[in-house]
Amino acid sequence: MVRPARNVRGSVGLPGDKSISHRYALLAAIADGTSRLENFSTGADCASTLGCLRSLGVKWERQDGADNVIEMQGAGLSLTAPNQPLDCGNSGSTIRMLSGIVAGQRFVSEMAGDESLSRRPMERIILPLTSMGAQIASQNGRPPLRITGAGLKGIHYKMPVASAQVKTCLLFAGLLADGETRIEEPLRTRDHGEVALRAFGAHLERKGNEVWIRGGQRLQGIEARVPGDLSSAAFFLCAAALFSGSQLTLTNLLMNPTRARLLDILVQMGLRISVTQLEEIHGEVVGTLQVEGGQLKGATITGADTAALIDEIPVLAAIAPYTEQGIEVRDAKELRVKESDRISSIAANLRAMGAQVEELEDGLKIPGHQSLRGAELESFGDHRVAMAFSIAALRAHGETLIRGSECAAISYPGFFSALEGLVER
Ligand code: S3P
């Protein structure tokens, strides 16, 4: 239940970035030596990755204490055959990126997940991994997957969909393959896969939208602190944007340029953001953000911006009615195959709050200058939808009930209490 707020004020440190946590865990598993990963994501998705790695014979433990430390013993490039299906839970990142690793192992792995994951498209990894030499059976291109690993051979692959998960999957497979694997992406997507591979000692090269890696390189375990998750911070940033008196400090936040487009868009919309204490840790840029709310203009999000903002669109759309000119999102068909069909989830919840919204095949048109009323909403089992509408609810008239809001724990278990700690009423 979310009650309207007057303001957002305070300071918050975010749990470790989900994208980076997955990649660090997967690479630590196939590295030589021990890795110590501080501020590892507390989300259920990254726990799915850790669980699968345990089933593949990788030894790790979570250390007690406040710092969410995972210590993992690398198994080298060869893992152990699992004696049960790998449970990927709700996590598209786990099934897609881990596929690249098990495809290069000399055993069979079955990978399955929950109902939402079982609806998500996997041809995007099946096709290229098959041409590298793996055999993959699926349910019409969807999970569960049965992957018969093999000695892979490198490929040159032009990705039809812009997806960092697919790019990372293929780079990981490329690391285990003979020869060179060269991947061309249609648009530049988040580069945490490349940055993490380098942090673990691999050499890879990039030119424009092409990246390539030579197989057979050995990785070395690392000690790292995972930067705060910018996609989780997005909810607090958008909450701050709703109130002209808001003041927020976000510490230890990921600022990787391939992820930080949200900050440019919010600044264009009227939020004042200043960045201090910028530093680079294992190739990832981290900083502290001071944020002040102002007036909230509208935005149009298309093309490369849509790809760069893909996880932040739910919350931007949820606050769109409160902006002056509204928000239009296009080229966002991928949103229809996320944890829920996010275009229809967002449209349904906005309408339930009394907003006018136009649902398009590839996006949404949401006029500005609207006032919303508190309502009973659905999370549609989608963590980002649940969190996005708790932000919209802060400026609505009356209380909002979000059913199934516990799914926020997929990426951010402490989200609602952290939000409650920041709002003033
Ligand atoms: C992710 C990439 C994006 C994003 C997901 C995490 C990643 O998915 O939506 O939450 O860590 O690479 P796609 O690769 O399907 O675009």
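Counting convention: from 1, in listed order, for ligands and their atoms alike.
In the displayed structure, Glu210 atom CD is contacted under 6.0 Å by more than 12 heavy atoms of other residues, nucleotides or ligands.
Salt bridge present: Arg261 and Asp305 bring a charged side-chain N and a carboxylate O closer than 4.0 Å.
Counting heavy atoms from C-beta on, the side chains of Ile20 and Pro227 come closer than 4.5 Å.
Considering backbone and side-chain N/O of Val166, none are found under 3.5 Å from N/O of ligand 1. Polar contact with ligand 1: absent for Arg124 (N/O pair, distance under 3.5 Å). Ligand 1 has no N or O atom lying under 3.5 Å from any N or O atom of Glu334, backbone or side chain.
Ligand 1 lies less than 4.0 angstrom from a heavy atom belonging to Asp311. The closest approach between a heavy atom of His192 and any atom of ligand 1 is not below 4.0 Å.
Remark: Ala224 engages Tyr24, Leu37, Ile222, His282 in a side chain to side chain contact (heavy atoms under 4.5 Å, CB included) (not counting sequence neighbours). Evaluation of the salt bridge (charged side-chain N to carboxylate O under 4.0 Å, His left out) rule for Arg336 yields Asp341, Glu359, Glu361 as partners, not counting sequence neighbours.
By the criterion of a heavy-atom distance under 4.0 Å, neither the backbone nor the side chain of Met97 is placed next to ligand 1. At a 4.0 Å heavy-atom cut-off, ligand 1 touches Arg96 through the side chain alone.
Listed for the Gln217 side chain is a donor-acceptor partner under 3.5 Å among the backbone atoms of His203.
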